[in-house]
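Let me begin by presenting the structure, written as C-alpha cells, before commenting on it.
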Amino acid sequence: MKFFVDTADLDQIRELAETGLVDGVTTNPSLVAKAGGSFLDLIAEICRMVHGPVSAEVTATDHATMLAEGRKLAKIAPNVAVKVPLTPDGLKTCKTLTNEGVMVNVTLCFSAGQALLAAKAGATFISPFVGRLDDVGSFGMALIADILEIYNHYPMIATEVLVASVRGPQQVIEAAKLGAHIATMPPSVVHQLYRHPLTEKGLETFLADWEKTGQRILDSGEAAALAAGKNG
Ligand code: E4P
C-alpha cells in the first residue's frame, strides 16, 4: 500500500519525506488556506520534496475554467496530480486532462456509483472520504470495500483507490486489509502508526541491559566522526 501525506505544511512534509516512507502528497483548498502563502509556489516546493504524485486542486466549478486551472497546475511539475471534484464538470475535465497525459485525482467521492463514473472518466485516483462518511453515521470503510469489489471485476480499470479523510491508524489497517492502493493520512496518523507501548517498553529494557555490558558498538573515534558529520 502506498502512503500519501494529507497536508500542505512544508515542514511536516519535509520531515516525513526524509523517512523514505512517503509515496505522495494530497492537498486541498482548506489545507492550503491553513498553510498560507502562494498556492502555486507551495505546490512547486512540495513537488521538489516528494517525487511521487502531489495533488493540487482546481477551484473553479465550470469545465472551461477547471481545465485552464488544471493545465496550469500540471505545468508546475510532472508529478502534479490535478484534483477535481466529483461533479459532471469535474469528470469532463478529468477525461480531457487524462487524454492529455495528466494525472487526475477525483475527490469528494461518497458513493460507489460516483467511483464507477470516475473510473470511466479515466481518473488516475479516486478519493473516497471515509472519515466524513463515518462522521454522518455511515460506514466509510464499506464504501472502500464496494469500490474495490467493483473495480476488481474490470481489469481494464486502472484507477487507484486513494482512501482519504483518514482519522486514525485503524482505518489505514482496515484499508490495507481490503487491498486499497493508497491511504492519504494526516502526519499525526503516520506518527500514530509507529507507536506501540510494548515497542517503547521493550526498547527501554534492551538499552538498560546493554548499558550493563559496558560496551559500545562505535569506538570513541567513530562516535566523534559521526558527531562532527552531524554538526557540520
Ligand atoms: C484528501 O485528498 C482529502 O482532501 C482529505 O483527506 C480530507 O480529509 P478531511 O475529511 O479530514 O478534511
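Index from 1, following the sequence. Note that ligands are numbered from 1 as they come in the structure, with each ligand's atoms numbered from 1 the same way.
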Would you tell me which option among Val166, Asn28, Leu108 has the nearest heavy-atom contact to atom 4 (O) of ligand 1?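 That would be Asn28.
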
Among protein heavy atoms, which sits nearest to [atom], and what does the distance come to when rounded to 0.1 Å?
| atom | answer |
| --- | --- |
| atom 12 (O) of ligand 1 | Arg132 NH2, 2.8 Å |
| atom 5 (C) of ligand 1 | Asp6 OD2, 3.0 Å |
| atom 8 (O) of ligand 1 | Ser165 CA, 3.4 Å |
| atom 7 (C) of ligand 1 | Phe129 CE2, 3.6 Å |
| atom 11 (O) of ligand 1 | Arg167 NH2, 3.4 Å |

So, 4.0 Å and heavy atoms of [X]: is ligand 1 close enough to count as a contact?
| X | value |
| --- | --- |
| Lys83 | yes |
| Met185 | no |
| Thr107 | no |

More than 12 heavy atoms of other groups within 6.0 Å of Leu203 CG: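 Counting other residues, nucleotides and ligands, CG of Leu203 exceeds 12 neighbours.
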
Measure the CD1-NZ distance between Ile43 and Lys72 for me, rounded to the nearest 0.5 Å.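 Taking CD1 in Ile43 and NZ in Lys72, the distance rounds to 13.0 Å.
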
I need the Lys120 NZ to Leu91 CG distance, nearest 0.5 Å.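 It comes to 11.5 Å.
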
Considering only heavy atoms from C-beta outward, does the side chain of Val189 approach that of Gln170 to under 4.5 Å?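 Contact flag for Val189/Gln170 side chains = no.
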
Just jot down the ligand 1 atoms closer than 4.0 angstrom to any heavy atom of Ala164, in number order.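 This gives 1 (C), 6 (O) as the contact atoms.
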
Please report the C-alpha distance between Glu69 and Thr59 in whole Å, then the side-chain angles of each, then the deciding distance to 0.1 Å, and finally whether the side chain to side chain contact (heavy atoms under 4.5 Å, CB included) criterion is met. CA-CA 8 Å; Glu69 288 184 353; Thr59 53; 3.5 Å; yes

